[in-house]
Amino acid sequence: TAKRNNSGSARYDTSLESASQQNLSLMAELKQAIEHNELQLYYQPKVDLHSNTISEVEALIRWIHPKRGVIPPDQFIPFAESTGFIAAITEWVIARALEQRAVWQTQGFPLSISVNISARDLLNAKLPGNFAQLMETHNASTDWLSLEITESAIMTDPEAAMQVLNQLRENGLAMSIDDFGTGYSSLAYLKKLPVTELKIDKSFITEMENNPDDAIIVRSTIDLGHNMGLRVIAEGVENQATWDALVAMGCDSIQGYFVSRPLAAEKLMTWLQHSQWKFKEKP
Ligand code: C2E
Ligand code: CA
Ligand code: CA
Ligand code: CA
């Protein structure tokens, strides 16, 4: 059998367990994780640079494992994708985000939530229907959620992805191309995609203060996005200097540790109430 990639658990040890057995047990654990409420969404705010307010947060999944502690998504999402279990996770994420939005609404902070959609989800022709169903069940309107889809996910099978994305867009969902700049998507596809926003990958943002090439890429991406009528957001903003540079370049919004780390829902509420950035309902 193939060697495990870095998507698996850290239990790659000297025991007699074979790789496939380890995968099987990780699979079983993941299934239980949903049933036992071990998955949790953290939320990271996005600041709109035109109004200096917060209307949106990104949902980022965590696995709170009873024995192994907090497992970051990079350690189980790729595995879930390769096994198809991602469909169940994505459905859980959407339902959870809709519940959270309803709670925040009653607390007077109706934040809009972006959720990450994986490559495998985009190949699932049932995704738009499932989405619509969940929205209906939760009595949600389309501005409650938006989607983040990586460039590479779209380019896995651009034609199939396009169909799913078009349907989701027709249902009224806004969508962003995540990790933009890392996935070699052709501009011809970019033009055809029904997206509303580009999210510049943090690998370009982190170094833009020291690396002129990165700064040029960021500036060009902002101009490209704007020329195509899209909003542009930068992720991975960690300091004031990067913030200032992005403001000067006309970037529309910002996300990163400089504003806040991803937080559990209640922590986010407390943070928001004391934050220098005020909540504003998405227009
Ligand atoms: P992503 O969607 O590109 O998310 C951004 C990652 O950067 C997050 O890591 C976030 O915590 C981190 N980050 C935010 N601000 C900063 C910063 O200022 N500096 C640095 N160095 N990092 C920052 P996280 O939460 O570990 O998520 C990693 C990836 O896992 C995500 O990348 C996304 O691809 C995937 N993921 C997370 N949640 C979900 C989910 O619910 N569904 C799916 N399909 N994938 C998810
Ligand atoms: Ca994302
Ligand atoms: Ca990203
Ligand atoms: Ca990423």
Side-chain angles (χ1 to χ4, degrees), residues 5-7 39-48 54-63 71-82 86 89-94 96-97 100-101 111-122 127 131 144-156 161 164-165 168 173-185 190 193 195-208 214 217-218 221-222 224-225 230-238 242-243 246 251-263 265 268:
N5 56 25
N6 62 4
S7 65
L39 299 180
Q40 202 181 334
L41 291 182
Y42 275 42
Y43 301 91
Q44 188 178 38
K46 307 177 183 182
V47 175
D48 177 288
I54 293 171
S55 311
E56 288 180 279
V57 294
E58 175 178 7
L60 293 157
I61 200 166
R62 304 285 180 263
W63 181 359
I71 306 178
D74 289 341
Q75 283 178 34
F76 64 94
I77 291 291
F79 174 77
E81 283 176 346
S82 68
I86 190 69
I89 292 186
T90 300
E91 199 155 311
W92 179 87
V93 169
I94 296 165
R96 192 65 206 88
Q100 189 57 60
R101 153 74 191 219
L111 288 157
S112 177
I113 302 173
S114 65
V115 295
N116 290 285
I117 299 296
S118 86
R120 183 97 175 216
D121 294 320
L122 283 187
L127 182 72
F131 232 108
W144 286 25
L145 291 190
S146 64
L147 311 180
E148 298 192 12
I149 303 140
T150 63
E151 230 186 319
S152 51
I154 295 166
M155 296 316 284
T156 309
V164 168
L165 292 177
L168 289 163
L173 286 159
M175 44 189 116
S176 180
I177 303 188
D178 205 351
D179 297 357
F180 189 77
T182 62
Y184 314 100
S185 67
L190 182 58
L193 287 171
V195 298
T196 43
E197 184 186 80
L198 301 182
K199 188 177 221 182
I200 307 176
D201 189 63
K202 61 175 179 286
S203 60
F204 303 109
I205 305 297
T206 318
E207 285 296 307
M208 64 184 272
D214 283 347
I217 290 171
V218 171
T221 305
I222 293 170
L224 172 72
L230 305 174
R231 285 178 55 84
V232 181
I233 178 168
E235 68 175 8
V237 177
E238 296 184 353
T242 309
W243 170 293
L246 286 162
C251 192
D252 299 294
S253 21
I254 266 177
Q255 193 180 344
Y257 297 165
F258 180 64
V259 175
S260 169
R261 288 187 176 257
L263 300 170
L268 181 84

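Remember, it's 1-based here, ligands and their atoms both numbered in the order they're listed. Values below: all heavy atoms of this structure, side chains included; hydrogens, waters and symmetry mates excluded.
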>> Regarding Asn116, does it place an N, O or S atom less than 3.0 Å from the Ca ion (ligand 2)?
In response: yes
> Taking the side chain as C-beta and beyond, is there a heavy-atom pair between Ile117 and Phe131 under 4.5 Å?
Replying inline: yes
> Given side chains that start at C-beta, do those of Glu235 and Asp178 come closer than 4.5 Å, heavy atoms only?
Replying inline: yes
Residue [X] atom name (nearest to the Ca ion (ligand 2); N/O/S):
{"X": "Glu148", "answer": "OE1"}
{"X": "Glu58", "answer": "OE2"}
{"X": "Asp178", "answer": "OD2"}

> Would one find an N, O or S atom of Asp201, in either backbone or side chain, under 3.0 Å from the Ca ion (ligand 4)?
Replying inline: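 So Asp201 does not bind the Ca ion (ligand 4) by this criterion.
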Between [X] (side chain only) and [Y] (backbone N and O only), is there a donor and an acceptor less than 3.5 Å apart?
{"X": "Glu56", "Y": "Ser112", "value": "no"}
{"X": "Asp179", "Y": "Asp201", "value": "no"}
{"X": "Thr196", "Y": "Met175", "value": "yes"}

>> Restricting to N, O or S atoms, which atom of Asp179 is closest to the Ca ion (ligand 3)?
In response: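 It is OD1, the N, O or S atom of Asp179 closest to the Ca ion (ligand 3).
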